[in-house]
Amino acid sequence: MSDPSLVRWSFWPKVGPVESGKMPRKKMQENLQRFEVEARKLLAETGADHVVYGRKLYTDDGELEELRFYLMPMSDEEFEDRVAPLKNQQVYAVHKMK
C-alpha cells in the first residue's frame, strides 16, 4: 500500500524529459506557490492571456492521484480548448487582467 502522506508529482517542461517523484502532501502548497511566482513572471514576459502552472488530478472517487506542474503560456483560445474540458482536476493558472 502506498504512503498516504506522499503524493505523486510530475513537472512537464516545454522541452526535455518529464521529471517526477513523490513529495509530502504538506509540501504541495509551498511548491504550487513557487510555480505561481514563476508563472506570474512568464505572464509578464510573454504577454500571454493565461499561464497554467499546476493541476491536481483526482480519481473518480475524489482521491488525489497526482500533482502536475507546468509553466505553460496560453492564449484565450488555447485555454478554452485545453483547460475547459478537463474533468476530475483542479487547475492552477494566472490570468492577464483585461
Side-chain angles (χ1 to χ4, degrees):
M1 186 167 166
S2 64
D3 185 341
S5 70
L6 298 175
V7 65
R8 280 187 325 145
W9 66 268
S10 57
F11 173 54
W12 296 67
K14 215 168 187 161
V15 291
V18 172
E19 299 172 33
S20 63
K22 291 190 177 187
M23 79 170 68
R25 286 181 183 260
K26 64 184 177 185
K27 292 278 190 180
M28 288 190 319
Q29 196 58 37
E30 175 185 320
N31 283 293
L32 280 165
Q33 288 170 337
R34 268 192 20 241
F35 272 85
E36 181 182 6
V37 167
E38 294 305 313
R40 288 189 184 285
K41 290 178 191 173
L42 195 56
L43 188 70
E45 290 169 7
T46 63
D49 295 312
H50 313 274
V51 176
V52 173
Y53 63 91
R55 287 170 42 205
K56 287 182 180 174
L57 287 72
Y58 294 91
T59 65
D60 288 338
D61 298 332
E63 295 295 318
L64 179 61
E65 190 171 23
E66 183 179 351
L67 176 57
R68 290 187 181 173
F69 298 103
Y70 307 88
L71 286 170
M72 191 178 305
M74 294 184 181
S75 67
D76 282 332
E77 185 177 300
E78 287 174 298
F79 190 81
E80 191 66 29
D81 289 347
R82 296 176 73 179
V83 176
L86 297 175
K87 303 285 187 239
N88 297 335
Q89 298 182 37
Q90 182 174 1
V91 177
Y92 294 82
V94 292
H95 312 278
K96 183 192 307 185
M97 301 304 280
K98 295 183 179 185

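Considering only heavy atoms from C-beta on, Glu38 stays 4.5 Å or farther from Tyr53 through its side chain. In this structure the side chain of Leu64 reaches within 4.5 angstrom of the side chain of Arg25, judged on heavy atoms. Asp49 places none of its side-chain heavy atoms less than 4.5 Å from the side chain of Phe79. Residues Leu42 and Glu45 are in side-chain contact: their nearest non-hydrogen atoms beyond the backbone lie under 4.5 Å apart. The shortest side-chain heavy-atom distance between Leu32 and Leu67 falls under the 4.5 Å cut-off. With contacts defined as side-chain heavy-atom distances shorter than 4.5 Å, the pair Glu19/Trp9 qualifies. Looking only at side-chain heavy atoms (C-beta outward), Glu30 and Pro24 stay at 4.5 Å or farther from each other.
Here the OG atom belonging to Ser20 is positioned 12.0 Å from the CZ atom belonging to Phe69, to the nearest 0.5 angstrom. One finds the OG1 atom of Thr59 at 7.5 Å from the CG atom of Asn88 (value rounded to the nearest 0.5 Å). Between the CD atom of Gln29 and the CZ atom of Arg34 there is a distance of 12.5 Å, given to the nearest 0.5 Å. In this structure, CE on Met72 lies 7.5 Å from CZ on Arg55, to the nearest 0.5 angstrom.
For the ring pair (Phe, Tyr, Trp, His ring centres under 6.0 Å) with Phe35, the lone residue among Phe11, Tyr92, Trp12 that qualifies is Phe11.
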Q: Take Val7 and Lys56 through the side chain to side chain contact (heavy atoms under 4.5 Å, CB included) test and state the conclusion after the steps.
A: CA-CA 10 Å; Val7 65; Lys56 287 182 180 174; over 6 Å; no
Q: Begin with the C-alpha distance, continue with both residues' side-chain angles, and end with the deciding distance and a verdict on side chain to side chain donor-acceptor pair (under 3.5 Å) for Asp3 and Ser5.
A: CA-CA 5 Å; Asp3 185 341; Ser5 70; 2.7 Å; yes
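Within 6.0 Å of atom CD in Glu65, more than 12 heavy atoms from other residues, nucleotides or ligands are found, so the atom counts as buried in its surroundings.
In this structure, Met28 is not a member of the same hydrophobic cluster as Leu6, with clusters built from ILVMFWY side-chain heavy atoms closer than 4.5 Å.
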